[in-house]
Amino acid sequence: MEKSKLLLANYDARISKIDIKPKNAHTKIIISSQMYNEEVHKKENVKLVFSDVAAIDFRINYFDNMIGAEVMGLYEISDRQFIEQLVRENFERRKEIYLIGGHYNYDENDEGDMLNSFDITNAYASEKESYHAYVQYVDAGGYVIIAKNLQIVR
């Protein structure tokens, strides 16, 4: 079973800038990159604009391991379970970091406690089939962005 499709073959992608524009369910992420375009045999500037972003994750290649870099592209992952898991992990990590750094009287048994409410306004659950997982591999690792839309601007 195929779980991904190549959206943009961008060998030797370098990400020079990431803009995250938070706006709750309408968060936007803009990745500025210079990528080698094999069709025209030159590097070109490209912007990847993700809208209605639910989560972002970066996995670094800490051990000098280039795994993923050889796939040379931006992919869309179609595995619904993977998408749901990453959105849930994003929520749980934020909660964990908040509790480590904050002074909050947290009650894990209180259903009304905001830290126990994954999707308070039902914004994600009501439209979760509209979200896609996009993976951009670079030498340093891989970015995973869960968003409703992607626009590629050359």
Side-chain angles (χ1 to χ4, degrees), residues 2-35 37 44-62 67-69 71-108 110-154:
E2 187 174 298
K3 292 190 176 189
S4 68
K5 68 179 176 182
L6 179 65
L7 299 179
L8 178 65
N10 53 13
Y11 177 74
D12 198 24
R14 298 286 189 263
I15 294 175
S16 58
K17 183 178 178 184
I18 297 179
D19 283 326
I20 299 175
K21 300 180 184 219
K23 198 172 182 184
N24 298 331
H26 301 292
T27 292
K28 185 180 281 190
I29 294 176
I30 302 166
I31 294 179
S32 300
S33 181
Q34 191 174 68
M35 303 171 186
N37 184 333
E44 62 185 16
N45 293 322
V46 176
K47 285 191 180 186
L48 306 174
V49 181
F50 302 90
S51 56
D52 298 333
V53 176
I56 182 172
D57 188 42
F58 178 68
R59 306 290 167 98
I60 194 165
N61 285 335
Y62 179 67
I67 192 166
V71 297
M72 300 179 258
L74 173 70
Y75 288 79
E76 181 179 346
I77 307 296
S78 58
D79 185 333
R80 301 304 313 165
Q81 187 175 1
F82 173 80
I83 295 169
E84 180 71 28
Q85 178 183 340
L86 190 60
V87 171
R88 174 68 66 178
E89 285 173 6
N90 188 64
F91 171 77
E92 293 298 330
R93 270 186 275 163
R94 288 188 67 208
K95 179 169 91 173
E96 178 184 28
I97 291 167
Y98 180 74
L99 288 172
I100 287 172
H103 301 286
Y104 185 80
N105 189 18
Y106 175 57
D107 182 356
E108 65 185 46
D110 180 2
E111 290 180 19
D113 192 309
M114 76 170 188
L115 294 180
N116 294 327
S117 300
F118 164 65
D119 191 7
I120 294 172
T121 63
N122 206 29
Y124 176 74
S126 65
E127 296 189 41
K128 67 182 178 180
E129 297 302 317
S130 300
Y131 286 88
H132 307 272
Y134 301 100
V135 179
Q136 174 63 65
Y137 293 99
V138 294
D139 288 347
Y143 289 88
V144 182
I145 298 172
I146 308 296
K148 284 186 185 176
N149 301 297
L150 164 66
Q151 179 185 11
I152 300 169
V153 181
R154 294 180 189 260

message: Contact between Arg154 and Glu44 at the side-chain level, heavy atoms closer than 4.5 Å - yes or no?
response: yes
field: Ser16 backbone acceptor or donor facing Ser32 side chain under 3.5 Å
entry: no
field: Separation between CD of Gln151 and CZ of Phe50, rounded to the nearest 0.5 Å
entry: 11.0 Å
field: Steps toward side-chain contact (heavy atoms from CB on, under 4.5 Å) verdict (Val153, Val46)
entry: CA-CA 6 Å; Val153 181; Val46 176; over 6 Å; no
message: If we ignore hydrogens and angles and just use 3.5 Å, is the side chain of Asn116 paired with the main-chain N or O of Asp110 as donor and acceptor?
response: yes
query: With side chains defined as the heavy atoms from C-beta onward, is the minimum distance between Ile20 and Thr27 less than 4.5 Å?
result: yes
message: For a quick test of reading the model, state the closest non-hydrogen atom pair linking Ala54 to Asn90 and the distance between them.
response: O-ND2, 3.6 Å
field: Minimum heavy-atom distance Asp79-Gln81, with the two atoms named
entry: OD1-N, 3.0 Å
field: Side chains of Leu150 and Leu48 in contact at under 4.5 Å (non-hydrogen atoms)
entry: yes
task: Would you mind reporting whether Phe82 and Val144 have side-chain heavy atoms less than 4.5 Å apart?
output: yes
- line: Partner of Tyr143 under side-chain contact (heavy atoms from CB on, under 4.5 Å), picked from Leu74, Val135, Ile15, is Ile15
- request: Using a 4.5 Å cut-off on heavy atoms from C-beta on, say whether the side chain of Leu7 contacts that of Tyr75.
  value: no
message: How long is the straight-line distance from CG of Leu99 back to CD1 of Ile97, given to the nearest 0.5 Å?
response: 10.5 Å
- prompt: Do Lys128 and Glu84 have side chains that get closer than 4.5 Å, going by heavy atoms?
  reply: yes
message: I need the Arg80 CZ to His132 NE2 distance, nearest 0.5 Å.
response: 7.5 Å
field: Heavy-atom side-chain contact between Arg88 and Phe118 under 4.5 Å
entry: yes
query: Within a reach of under 6.0 Å around CZ of Arg94, are more than 12 heavy atoms found that belong to other residues, nucleotides or ligands?
result: no
Which atom of Ser4 lies closest to which atom of Ser78, heavy atoms considered: N-OG, 4.2 Å
- line: Distance col, row Ile56:CD1 vs Tyr134:OH, nearest 0.5 angstrom, shows 14.0 Å
query: Do NZ/NE/NH1/NH2 and the carboxylate oxygens of Glu92 and Lys95 come within less than 4.0 Å?
result: yes
Leu86 side chain near Glu89 side chain, heavy-atom distance below 4.5 Å: yes
- request: Give the C-alpha distance, both sets of side-chain angles, the deciding distance and a yes or no for side-chain contact (heavy atoms from CB on, under 4.5 Å) between Asn149 and Lys28.
  value: CA-CA 10 Å; Asn149 301 297; Lys28 185 180 281 190; over 6 Å; no
- prompt: So, Tyr124 versus Tyr131, ring centres under 6.0 angstrom or not?
  reply: yes
query: If you round to the nearest 0.5 Å, how far is NZ of Lys21 from CD1 of Ile29?
result: 11.5 Å
- request: Kindly give the heavy-atom pair with the smallest separation between Ile83 and Ile77, and that separation in Å.
  value: CD1-O, 4.0 Å
- prompt: Between NZ of Lys47 and CD1 of Ile152, what distance do you get to the nearest 0.5 Å?
  reply: 14.5 Å
